Amino acid sequence: MNSTENGREKWGSKIGFILAAAGSAIGLGNLWKFPYMTYTNDGGAFVLTYLMAILAIGVPIMIAEIIIGRRTQLSPVGAMTKLGGKRWSWLGWLGVITGFIILSYYSVVAGWTLEYVVKSITGAFIDKSPDQVTQQFVDFVSDPFRQVFWHALFMGITMFLVLGGVKGGIERSARILMPILFIIILILVAVSLSMEGAGRAITFLFRPNFSELSGAGFLEALGHAFFSLSLGMGAMMTYGSYMHKNESIPNAALTVSLLDTVIAILACLIIFPIVMTFDLEPTKSAGILFTTLPVVFMQMPGGYYFSILFFTLVAFAALTSAISLLEVVASYFIDELNWNRKKSTLITGGAIFLFGTLSALSNGAVGWLSNFNFWGRPTTAGFFNTFDYLASNYLLPIGGLFIAIFTGWILTKSLKEEELSTGGKTYFKYSVWDVLIKYFAPVAVGIIILAVLLGKEFQ
Ligand code: PHE
């Protein structure tokens, strides 16, 4: 029956998919973006909304994406066309375009982490006050050429690993790096939680006050659930297409979502005690990761080395996510146009690099620090803001909405049950998932997008 099973490259081990998918999910979204979005959206209510979005919308849609990918063994455009006919191929296309846009600015921020590895090594933070550390960040992001340099290097490494293919490049990197990242994060959490501001940080994070969350904040929480889980653009579909038939899709989706969420919360537990303890209120910005951590590193024993290690690992976490973004774009040309992996990776990666220079250059050219207040809201200044806003808040949720509709209403029950029944024991309930994917996810995502588009407050 599975003629397509033959010939497609597969993950090298049973947990290959989980490793690679967790590598895709865990990245700058967790470590850089979630903390500052939590900050700009005033904590508790945003965090709770995010968690509910992950559970009720993210997990079901991740399961849907993996079903589509593993069933067809194709990347998004081919997969959608195969199961839904030509009428649905646009949804695959939307994913390719979204991946292109996200990677273009993602790589720029990943470049910041490389700069911070070097800053750590050269001891740039030693004996610096929190204000001076913030100023270093300000100076750096207003230097477009340094940013282009790191952006180029990061895209180069990403392309190199994607050239290595599924087993060699992608899986091997994730297998080594993810566990180290996890350990170092736990150590940092312990240090932060022993600070004087830890109590206030925990209250800020976990005491929801819904009067503080705007309608736009709702959309941001939802959009970020998609962004953080790598959903809505076919990354999980593509990785699912390399998954073995005998693995459990629901278990894999649950594991990946749980890991991703835990890391995001832990990142907040590292950053917010520092913010509260040192009263870093003015750094309420997209720079929060880069302006808070050096402060604490310099106050802890061995901080010099921790700083190097930490920013290196953030760069690696970004790398395993960037790989999945490029893989979606590149595999379209491999699967649909029969380009070889090399040609496809070099051409698409090169184009993404060029497009990304817009973001790197606009950071400095328009003095985008002055726009921090507008972060997350559309702004004419700074491609960076605009692309991130567009991708996270519209393209991914819209992609996810239609993936839910497609899976819920077009795919047959027998196909879904067949894909969901493999891989042994699971706590998964088909009927619950069915309701979430058919009704809840489409309605909730649709309402939130429409409400914000129509400019209505709805709380
Ligand atoms: N999930 C990744 C992160 O949190 C980003 C990403 C988004 C990767 C979409 C792939 C697809 O950093």
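All residue numbers in this chain count up from 1 along the given sequence. None of these values were measured; they are calculated from a predicted model. Order of appearance sets the numbers: ligands from 1, and atoms from 1 within every ligand.
In terms of protein heavy atoms, atom 12 (O) of ligand 1 is closest to Tyr106 OH, 2.4 Å. Atom 7 (C) of ligand 1 has as its closest protein heavy atom Phe227 O, 3.2 Å. Nearest to atom 2 (C) of ligand 1 among the protein's heavy atoms is Ser24 O, 3.2 Å. The protein atom (non-hydrogen) at minimum distance from atom 4 (O) of ligand 1 is Ala25 O, 2.8 Å. The single protein non-hydrogen atom nearest to atom 8 (C) of ligand 1 is Ser230 OG, 3.2 Å, given as residue, atom name and distance.
Aromatic ring orientation, His224 versus Phe227: parallel (interplanar angle below 30°, classes split at 30° and 60°).
Per-residue contacts place Met233 under 4.0 angstrom from the following atoms of ligand 1 (heavy atoms of the residue considered): 9 (C), 11 (C). Close approach to Ser228 involves these atoms of ligand 1, each under 4.0 Å from a residue heavy atom: 1 (N), 4 (O).
The closest side-chain heavy-atom distance from Val108 to Trp112 is below 4.5 Å.
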Side chain to side chain contact (heavy atoms under 4.5 Å, CB included) between Ile66 and Met237, intermediate numbers included: CA-CA 5 Å; Ile66 306 174; Met237 230 182 252; over 6 Å; no
ring-ring contact (aromatic ring centres under 6.0 Å, His included) assessment of Tyr439 paired with Trp409: CA-CA 10 Å; Tyr439 305 101; Trp409 298 94; 5.5 Å; yes
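Taking any N or O of Leu28, backbone or side chain, at least one lies under 3.5 Å from an N or O belonging to ligand 1. At least one N/O-N/O distance between Gly29 and ligand 1 falls below 3.5 Å.
In this structure, Tyr50 has its ring center under 6.0 Å from that of Phe34. Proximity of the aromatic rings of Phe204 and Phe272 is defined here by a centroid distance below 6.0 angstrom, and this criterion is met.
Between Ser331 and Asp335, the side chains place no donor N or O within less than 3.5 Å of an acceptor N or O (distance only, hydrogens not considered).
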